[in-house]
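Structure first, then comments.
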Amino acid sequence: MIKINKISIATLTAAGLVFCSTSAFADGAPFVDQNPIVVANNEVGIAATGTLMNYQEHITEVPSDIESGWMPGFAVKYSLMGDYFESMPSNMYFAIHYQFSSGSIAYKGSVGSTPYDGTDDATTNRATARLGKGFSLSNDMMLTPYVAGGYQDWNRDLQGPYGYVEDYHSGLIGAGVMFQYAINPRLVIGANLEGLAMIGGGMTPHIHNGILGSASFDTSGQEKIGADIDYRVFSQWHFYGGLHYTHFNYTGGPLKYGAFEPSSSTNLFSMDAGVAYQF
């Protein structure tokens, strides 16, 4: 007959509890009863980004400015979804996102009436916030319409003997809709469609000691479409990534002394990959 004293029983019991809790932690048991879409929408993250920028001005008198190139960068995000206030509807959604990009992109165009090829040491910033509500279409699908607002700018720093600096900026306001599908308890994929009006836009040229003043832009639209993925790797740690396409126009406007900023179109193809912590 095997004798087991109280200390042995306590030791075995404690070891068993530790093993069980560790296994549950590793397998994600604390999240079994939670909607994986809601889980993926409650996190803070940071990602490496890459953006292919294509910019073209619309003029015919002289060669149009065309810029194209790759800009690396980073992005941070913070999002919430859930029933945080009794007086608010269920699955309220809030998110903020900031992206910084910087890189040397090719410039082909003209300075005044002189054709010129050079390099633009470009820097962009974009910050947006969303507020919406998620509607469950099924246990594994959710549709979240939202309103959005934000700000974007572009510092255009043309290098070389004809170099100059221009700052483009605009406020953003509009709405969008996000569709998400949970393939399994760990993996959530999504698609996003967003339309924003560009308000209070303008361009400030740092040329001739700023005597040309600034150009104010009329309101124009910005369209963005994207696809995203979120995968819970371990416990509360997630991997996420996405592909996005953004198009917008600057309508241009008059400067001082007869100068004029022409209208232009910009296309941005971006990707990101990062890690997030779910709370």
Side-chain angles (χ1 to χ4, degrees), residues 45-58 65-79 94-105 107 120-132 146-158 164-178 192-206 213-228 242-253 255 261-272 274:
I46 184 168
T49 66
T51 301
L52 177 62
M53 181 177 186
N54 289 288
Y55 166 86
Q56 182 170 5
E57 294 180 350
H58 305 303
D65 287 359
I66 299 174
E67 297 192 23
S68 182
W70 179 262
M71 296 187 296
F74 72 92
V76 292
K77 69 171 186 175
Y78 175 84
S79 63
F94 171 74
I96 55 176
H97 182 272
Y98 168 74
Q99 181 172 337
F100 170 87
S101 301
S102 183
S104 296
I105 61 179
Y107 169 91
D120 170 21
D121 286 350
T123 300
T124 64
N125 293 274
R126 190 175 193 270
T128 56
R130 300 174 179 174
L131 178 64
Y146 60 85
V147 293
Y151 175 84
Q152 68 179 27
D153 65 48
W154 169 33
N155 179 262
R156 186 187 194 194
D157 188 357
L158 184 62
Y164 59 89
V165 175
E166 293 178 327
D167 291 312
Y168 294 76
H169 64 273
S170 174
L172 304 168
I173 187 169
V177 61
M178 179 172 61
N192 181 69
L193 181 63
E194 189 175 84
L196 302 175
M198 298 170 61
I199 58 175
M203 186 277 289
T204 300
H206 301 277
S214 298
S216 296
F217 298 145
D218 296 330
T219 300
S220 58
Q222 179 176 122
E223 306 83 40
K224 182 177 181 180
I225 186 170
D228 299 281
L243 299 171
H244 310 274
Y245 166 70
T246 305
H247 169 81
F248 58 87
N249 298 318
Y250 284 123
T251 56
L255 297 163
E261 173 64 18
S263 63
S264 63
S265 298
T266 301
N267 294 288
L268 303 173
F269 300 88
S270 63
M271 60 184 67
D272 58 79

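- If you run side-chain contact (heavy atoms from CB on, under 4.5 Å) between W154 and each of E166, R126, M53, H169, only M53 comes through.
- G103 and P72 get closest at one heavy-atom pair: CA-CD, 4.5 Å.
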| query | Taking it one step at a time, do T204 and S214 satisfy side chain to side chain donor-acceptor pair (under 3.5 Å)? | reply | CA-CA 5 Å; T204 300; S214 298; 3.0 Å; yes

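- Between the CG atom of L193 and the NZ atom of K224 there is a distance of 11.5 Å, given to the nearest 0.5 Å.
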| field | Evaluation steps, side chain to side chain donor-acceptor pair (under 3.5 Å), between T51 and Q99 | value | CA-CA 10 Å; T51 301; Q99 181 172 337; 3.2 Å; yes

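- Distance check: W70 CH2 to S101 OG gives 9.5 Å after rounding to the nearest 0.5 Å.
- D228 and G242 get closest at one heavy-atom pair: OD1-CA, 3.8 Å.
- With sequence neighbours left out, S263 forms a side-chain contact (heavy atoms from CB on, under 4.5 Å) with H58.
- More than 12 heavy atoms of other shown residues, nucleotides or ligands fall within 6.0 angstrom of atom CD1 in I66.
- Rounded to the nearest 0.5 angstrom, F94 CZ and Y78 OH are separated by 8.0 Å.
- Contact between A148 and L196 at its shortest, heavy atoms only, is CB-CD2, 4.0 Å.
- Annotation: side-chain contact (heavy atoms from CB on, under 4.5 Å) contacts of P262 (sequence neighbours excluded): E57, I59.
- The nearest pair of heavy atoms linking S68 to I105 is O-CB, 3.7 Å.
- Between Q152 and M198 there is a side-chain heavy-atom pair separated by less than 4.5 Å.
- Taking every heavy atom of both residues into account, L255 and A215 meet most closely at CD2-N, 3.4 Å.
- Separation of atoms OG (S265) and CZ (F248) is listed at 9.5 Å; rounding is to 0.5 Å.
- To the nearest 0.5 angstrom, Y164 atom OH is 8.5 Å from D120 atom CG.
- In this structure, the side-chain contact (heavy atoms from CB on, under 4.5 Å) partners of A129, at least two apart in sequence or on a different chain, are I96.
- Applying the salt bridge (Lys or Arg N to Asp or Glu O under 4.0 Å) criterion to D65, with sequence neighbours excluded, gives R156.
- With sequence neighbours excluded, the residues forming a side-chain contact (heavy atoms from CB on, under 4.5 Å) with F100 are F74, Y98, S102, T123, N125, listed by chain and number.
- Closest approach of Y250 and S170 over heavy atoms only: CE2-CB, 4.4 Å.
- Taking K77 as the reference, E43 meet the salt bridge (Lys or Arg N to Asp or Glu O under 4.0 Å) condition, with sequence neighbours excluded.
- With a 4.5 Å cut-off on side-chain heavy atoms, H206 and D167 count as touching.
- Taking CD of Q222 as the start and CG of L172 as the end, the distance is 5.0 Å to the nearest 0.5 Å.
- Not one N or O on the side chain of D272 forms a donor-acceptor pair closer than 3.5 Å with the backbone of A48.
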